[in-house]
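A quick write-up on the structure given underneath.
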Amino acid sequence: MNERKRIRVFDTTLRDGEQSPGCSMNLQEKLEMARQLEKLGVDIIEAGFAISSPDDFKAVQAISGVVQNCKVASLSRALPEDIDRAWEAVKGAKHPVIHTFLATSDIHMKYKLKMTREQVLDQIDRMVRRAKGYCPDVEFSAEDASRSDRGFLAECFTAAVRAGATVLNVPDTVGYAAPQEMYELIRYLKEHVEGIDGVDISVHCHNDLGLAVANSLASIAAGATQVECTVNGIGERAGNASLEEIAMALKTRADYYGAETGIESSQIYRTSRLLSSIIGVPVAPTKPIVGANAFAHEAGIHQHGVLNNPLTYEIMTPESIGVPQNRMVLGKHSGKHAFADRLGSLGYELTKEELEAAFQRFKDLADKKKTVSDKDLVALVTAQKVNEKGTFTLESFVVNSGTNISATAAIKLSVGGETVEGVAAAPGPIDAAFQAINQITHTDAELSNYSIQAVSEGEDALGEVIVKLLHDGEEYTGRGLSTDIIEASIRAYVNGMDKIHSIV
Ligand code: KIV
Ligand code: ZN
């Protein structure tokens, strides 16, 4: 049997993904996500763009300090101060990477960089050498590579290899390329870049025409050995190539691609849920691999076939990506042992304290709900992981609403150990509750988005509310989980307020 080619997965959820609107994360959330990416088995985590802001710098530095099993990269423009800053941020990592980029297409060089081809070649040489002076692993990206003149692109990559680059990245920055074109471009570069055999060829595809995954796979077929992608395909505009789609395409069609990644596919569902919960961006039901309908068979003929033999309509199983299967139902009489056991088989490793706190939450939930499903457990543990204990804690609430009356809300929060009450009236119950919280926190945040979705099935399903709050030009995401949607909304708003106050 032929050896499978090993494809490296370069995850840029925390850089290209995070910089897209509505996807921002705070430091604690980025760290939680980085730990999960490590469990998922990505090869490289692009943790941020160190020079872009002090927060990005801190995040790259902190992730470099905790991640052990993957490389950690910082993006940097091909400028001396960017490269120095990137190195400062990643130098504590076990396996640091400096990822530097410069545009090579005529349109970018003329209108954005205002540089000639000679100047671009010289800049690549000097900046890759500078990065190499710090770090053995240097990736060079030719921004807008797919729209660059091929001959010139090959010259740029040759210069990068000579200067010490270990990875050459070919971005389809604006999502313009077609799969066959990407295939031919990679073949061309393999033939025309001097020294290319000694380095990795990477691709970084955007999804403007819905072709990011197809373009990445075509590039692998042509000889690329690394793919750059994001969880749930988040990223600039229409997003980046989706990590889970590439990983499962390679796994499911290993016969065709003859390639494999180091992705632990049973961690895919959990990683997708964690990201979605952190950024408050739900996954579309029809999203391949991780969408709610990805494994749902509705048509009678399909159901019949699947019952007789799942392979009739199922090319991969939900278990293979870690979708909870509800093998054992937990309820209020379940003990800690059964609870810990279930979490273990769902792939969670919690510390003693985390387990204690999760068990308490589980008991509270089991008091309200007849049975607690695996999906409830995933939501419970995810919420615990991403919701830090903050300044405000909900103690109690009473909300009244009905026809022909104004809604009223009386809310008690514990603020640094002291109980403070807020009372407000408004046309709707959630509005009234949020105004009462504004009173207590003395904060007038603008609610820019509110969403609610059921985490599991049934009338007593857990509801997850996500709020986006605007305060002083920054956006904060709050999350709340409860079987009562008013309580979930209050918890989400309080969580958002906590985040605002944690940085004041
Ligand atoms: O899309 C792009 O070109 C990028 C580069 C910085 C790699 O994100
Ligand atoms: Zn990009």
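Scope of the values below: all heavy atoms of this structure, side chains included, with no hydrogens, waters or symmetry mates.
Although no hydrogens or angles enter the test, the distance criterion places no donor-acceptor pair under 3.5 Å between the side chain of K94 and the main chain of K71. Under a 3.5 Å cut-off, the side chain of S320 and the backbone N or O of M316 do not form any donor-acceptor pair. With E354 contributing its side chain and T351 its backbone, the two residues share a donor-acceptor pair below 3.5 Å.
Exactly one of E139, H204, R8 qualifies for a side chain to side chain donor-acceptor pair (under 3.5 Å) with Q226. That residue is E139. Paired with I234 under the rule side-chain contact (heavy atoms from CB on, under 4.5 Å), one option of I279, V281, V283, N240 passes, and it is I279. When each of D200, V161, V203, I201 is checked for a side-chain contact (heavy atoms from CB on, under 4.5 Å) with L168, only V161 meets the rule.
Closest of all the heavy-atom pairs between S489 and Y450 is OG-OH, 2.8 Å. The minimum heavy-atom distance between S242 and C229, with the atom names listed, is C-CB, 4.2 Å. Pairing each heavy atom of A159 with each of L121, the nearest pair is CB-CD2, 4.3 Å. When every heavy atom of T382 is checked against every heavy atom of V378, the shortest pair comes out as OG1-O, 2.6 Å. Between I220 and A259, the closest heavy-atom pair is CG2-CB, 4.2 Å. Between I246 and A241, the shortest heavy-atom contact is CD1-CB, 3.8 Å.
Side-chain contact between S219 and S216: absent, with no pair of heavy atoms (C-beta onward) separated by less than 4.5 Å. Looking at I452 and E464, their side chains never come closer than 4.5 Å, going by heavy atoms from C-beta outward. Within the 4.5 Å cutoff, the side chain of T116 has heavy atoms near those of the Q119 side chain. The shortest distance between side-chain heavy atoms of M248 and I268 falls below 4.5 Å. L343 has its side chain within reach of L350: a pair of non-hydrogen atoms, C-beta onward, lies under 4.5 Å apart. Between R35 and E32, some side-chain heavy-atom pair lies under the 4.5 Å cut-off. L102 places none of its side-chain heavy atoms less than 4.5 Å from the side chain of E143. The side-chain heavy atoms of T12 and R15, taken from C-beta on, include a pair separated by under 4.5 Å.
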Take D56 and K58, measure what salt bridge (Lys or Arg N to Asp or Glu O under 4.0 Å) needs, and give me the verdict at the end.
CA-CA 5 Å; D56 248 53; K58 276 191 220 139; over 6 Å; no
Apply side-chain contact (heavy atoms from CB on, under 4.5 Å) to I263 and E244, showing your working.
CA-CA 9 Å; I263 293 296; E244 57 279 5; over 6 Å; no
Go through the steps to decide whether E184 and R187 satisfy the test salt bridge (Lys or Arg N to Asp or Glu O under 4.0 Å), and finish with yes or no.
CA-CA 5 Å; E184 284 158 13; R187 300 301 307 174; over 6 Å; no
Start with the C-alpha distance between K30 and E18, add both sets of side-chain angles, then the distance that settles salt bridge (Lys or Arg N to Asp or Glu O under 4.0 Å), and finish with yes or no.
CA-CA 9 Å; K30 285 184 187 173; E18 203 262 348; 3.7 Å; yes
With salt bridge (Lys or Arg N to Asp or Glu O under 4.0 Å) as the criterion, how do R117 and E155 come out once you've worked through the C-alpha distance, each side chain's angles and the decisive distance to 0.1 Å?
CA-CA 10 Å; R117 288 187 176 192; E155 278 185 63; 5.8 Å; no
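D55 is linked by a side-chain hydrogen bond (donor to acceptor under 3.5 Å, both in side chains) to nothing, counting only residues two or more places apart in sequence or in another chain. Residues passing the salt bridge (Lys or Arg N to Asp or Glu O under 4.0 Å) test with K91, sequence neighbours excluded: E88. In this structure, the ring-ring contact (aromatic ring centres under 6.0 Å, His included) partners of F434, at least two apart in sequence or on a different chain, are Y493. Applying the side-chain hydrogen bond (donor to acceptor under 3.5 Å, both in side chains) criterion to S148, with sequence neighbours excluded, gives T104. Listed by chain and number, the residues in a side-chain hydrogen bond (donor to acceptor under 3.5 Å, both in side chains) with T13 are D11 (sequence neighbours excluded). For Y257, the ring-ring contact (aromatic ring centres under 6.0 Å, His included) test picks out no residue, with sequence neighbours left out. A34 pairs by the side-chain contact (heavy atoms from CB on, under 4.5 Å) definition with L14, I45, I63, V67, not counting sequence neighbours. Taking the side-chain contact (heavy atoms from CB on, under 4.5 Å) definition, one finds that L470 meets it with E446, S448, E475, sequence neighbours left out. For F10, the ring-ring contact (aromatic ring centres under 6.0 Å, His included) partners are H99, not counting sequence neighbours. Residues satisfying the salt bridge (Lys or Arg N to Asp or Glu O under 4.0 Å) criterion with R6, sequence neighbours excluded, are D43.
Within a 6.0 Å sphere centred on NZ of K112, heavy atoms belonging to other residues, nucleotides or ligands number more than 12.
Salt bridge present: R479 and E29 bring a charged side-chain N and a carboxylate O closer than 4.0 Å. With salt bridges taken as basic N to acidic carboxylate O contacts below 4.0 Å, none links E349 and K39. We find that R147 and D172 are not joined by a salt bridge, their nearest charged nitrogen and carboxylate oxygen being 4.0 Å or further apart.
Cation-pi geometry between R77 and F101 is not satisfied (NZ or CZ under 6.0 Å from the ring centre, within 45° of the ring normal).
Once rounded to the nearest 0.5 Å, the distance linking OG1 of T230 with CG of N207 reads 9.0 Å.
Listed by first then second residue, pairs satisfying ring-ring contact (aromatic ring centres under 6.0 Å, His included) with a partner in residues 64-87 read W87-Y134, not counting sequence neighbours.
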Compile the donor-acceptor pairs under 3.5 Å between side chains in residues 188-198 and protein atoms, sequence neighbours left out, one pair per line.
residue: H192; atom: ND1; partner: Y188; partner atom: O; Å: 2.9
residue: E194; atom: OE1; partner: R162; partner atom: NH2; Å: 3.1

